Protein chains: 2
Amino acid sequence: MAASTLTEVARLAGVSPATASRVLNGSARKPGKDIAERVRQAADSLGYIPNAQAQGLAKSSSGLIGLIVHDIADPYFAAIARGVQEAAREQRRMVLLATTGGAPGEEKEAVAAFAARRADSIVIAGSRSSRAEDGDENAELAAELDRYCRNGGQVAVVGHPVVGAAAPEGYHVVSVPNQELAADLAVELAAGWDGDFVIIGGPEGLFTSDDRIRGFQEGLSRAGRGPAEVLRNSFNRSGGYEAGLKLAARIKAGGTGGSGRPAGNGLGIFAVNDVMAIGAAAALRAEGLRIPRDARIAGFDDIETLRDFRPALSTVSLPLEEIGRLATRATAPPTADGDDQDSAPLPVTGRVMLRRSTEATD
Amino acid sequence: MAASTLTEVARLAGVSPATASRVLNGSARKPGKDIAERVRQAADSLGYIPNAQAQGLAKSSSGLIGLIVHDIADPYFAAIARGVQEAAREQRRMVLLATTGGAPGEEKEAVAAFAARRADSIVIAGSRSSRAEDGDENAELAAELDRYCRNGGQVAVVGHPVVGAAAPEGYHVVSVPNQELAADLAVELAAGWDGDFVIIGGPEGLFTSDDRIRGFQEGLSRAGRGPAEVLRNSFNRSGGYEAGLKLAARIKAGGTGGSGRPAGNGLGIFAVNDVMAIGAAAALRAEGLRIPRDARIAGFDDIETLRDFRPALSTVSLPLEEIGRLATRATAPPTADGDDQDSAPLPVTGRVMLRRSTEATD
DNA sequence: CTGTTAGCGCGTTCAA
DNA sequence: TTGAACGCGCTAACAG
């Protein structure tokens, strides 16, 4: 990766490197109009491209923003990534990508790698977990983040704060009202359906999943219903599929988990995200069941790619892209005009979307 | 972004920076066992993280790989990105992301930005275009890429070479047999359907789209059919939707474009990618038409997130993730053990998937 | 095997 | 306004 350097440009233009630097990169004072042109021409003819590494070294700031996701191919993260990318472009920064599969250990590695690259800020999307087995790694992650912040780094976390993060300066949280929205969803669903509900959740300890489960239960209780049974599986399509198979068998057996309801009365299913909901729906369909006739089903996230799914999936719409933008902007260098909103919780609102998958069929 | 430096670590350990460097980062020669431990402890207690910028400056290599996509939220690119990310991790490199919306001008900017960051290699996913309006920008992009390669950079392009790229050393192409596969699809579709075909394509000049159109026509001719009409629209869902509306009107009008076929006999629709196919299907459905009864429809790519769509979409399966991996590996630094396969065309194979959306209904 | 020296390419003081 | 000198943090040649 050898390329022409600023020194070469300066020599060709017959000026000092310092002057060349001033004209080519944004400096406070502008050199003479005539000399500037000469430098620019020299740079152009040499195809000069400033070495960002060297600039970063000298200025102690890289123009890099690190993004941590579980899986970039998951439409949920892809949508957030788009928002991050957009905001980063506005700020003329570049995005460094890391995928971790959700393991806190990997996330810690990613933070360290970003710190090594001197990324100005880090956005962590994706659910954190509080599982006991992840305890140590979570602690390490928190420590790494702390150090990063203490060194002047900016961090934004989507959803939940990292467990045990001491939150010095520069630590921001874009909180998503998962619980409230799940409660709203439950209330609306309960208004149109008096049968039993079942929740398909992710592994225990996953904050996003747990919040949504808790919220849904709360909504049910607010609607005068008892708590729903919770089936736990992996936080992806196949997890939803497996749970769907179980529920299909149950529905076909004619009961709804011992409540003694008559056969064919179906079930109200809430999957904690759209992808799991789709998986569950696929399983039901594979078992010959129909939605919403034999079972009503709702998800969460309102993934764009899934909007053409039939029957249209009831869900909670989340401004994923906006969330990415907000997180990114929260980590932007202080705008100098004093509006230091700092770590004030950023407002994210969602909306319950009732669609065909939970409509009455009679 | 101030952090403890190698010098500090060295001082604390009572050794020279050079020695510290040798033990902490991979050097050829290993220092004494005792001194190594002392350095490691010092580094640990200081929370030392090597400054990759400085390392890069000194070593002239950054461990960065740049990825250029149209839109990271598009499942097609997201899948490729996952592959790139995976391979990058294997090679202990980090991914820099740039999204361009497909404009050659933006791609040129991205290449320049990657070059500035001294990325070791660049992967360009996404269709190139040869539209006249993009001529200048394409030329600039090619020039930028050339320069990048000449400076020792590695480039891999998915699908088609960049227009006008002079291809010095380090320029690789992962070619995707779009045309052949589209032809295969046409042949298989024609075997089960004797009605008319219509192609929903992207804007003229988009290589991927044009290749698939050309291949499909070729396949039709191979099957003894005349060429299909081509509807051009934007290369995304809404483009498919618009085309679908037009076709719906035509189908409902009872003709198939003047061929005089009886009403209700439908149409065989080939959309050049899955996302457009889904859009078209949504339009047909919105107009009260059913698939495959009123129209058969097929796409291209076999997007994972869309696999649960009903009726299951006939398509051509592409190993997107593998493509990303291949592209990334193609740009890896020469493996030193001599297997310099260099710019040999990398093998990518796809497969026609006939599913419910193109099945006979009677 | 270790320490010293000299850059990598650039920004930013200082004097001129 | 311009140029010369220094330092950012690290690696790679040397010297000891």
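As the structure is a computational prediction, the values presented were derived from the model and not from experiment. Order of the sequence lines fixes the chain letters, A, B, ..., with proteins taken first and strands second; residue numbering starts at 1 for each chain.
- The shortest distance between side-chain heavy atoms of A:Arg117 and B:Leu64 falls below 4.5 Å.
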For nucleotides 5-10 of chain C, list the nitrogen or oxygen atoms of the protein found under 3.5 Å from its nitrogen or oxygen atoms, one pair per line.
{"unit_1": "C:dC8", "atom_1": "O2", "unit_2": "B:Ala58", "atom_2": "N", "d": "3.4"}
{"unit_1": "C:dC10", "atom_1": "OP1", "unit_2": "A:Tyr48", "atom_2": "OH", "d": "2.6"}
{"unit_1": "C:dC10", "atom_1": "OP1", "unit_2": "A:Asn51", "atom_2": "N", "d": "3.3"}
{"unit_1": "C:dC10", "atom_1": "OP2", "unit_2": "A:Leu6", "atom_2": "N", "d": "2.2"}

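- Rounded to whole Å, atom C1' of C:dT2 lies 6 Å from atom CZ of B:Arg22.
- Electrostatic pairing of B:Arg325 and B:Glu322 counts as a salt bridge here, judged by a charged N lying under 4.0 Å from a carboxylate O.
- Rounded to an integer number of Å, the gap from CD of B:Glu8 to C1' of D:dC10 is 13 Å.
- Direction of the helix axis in the helix from C:dC1-D:dG16 to C:dA16-D:dT1 shifts by 40° between the two five-pair termini, rounded to 10°.
- Ion pairing between a basic and an acidic side chain is recognised when a charged N comes within 4.0 Å of a carboxylate O; B:Glu86 and B:Arg89 show no such pairing.
- B:Val39 pairs with exactly one of B:Leu6, B:Leu12, B:Val23 by the side chain to side chain contact (heavy atoms under 4.5 Å, CB included) rule, that one being B:Val23.
- Smallest separation of non-hydrogen atoms from A:Ala115 and B:Ile49: CB-CD1, 3.8 Å.
- Salt bridge B:Arg329/B:Glu90: present, at least one basic N to carboxylate O contact under 4.0 Å.
- Side-chain N/O atoms of B:Thr19 include one lying less than 4.0 angstrom from OP1 or OP2 on C:dG3.
- Salt-bridge check for B:Glu169 with B:Arg150: failed, with every basic side-chain N at 4.0 Å or more from each acidic carboxylate O.
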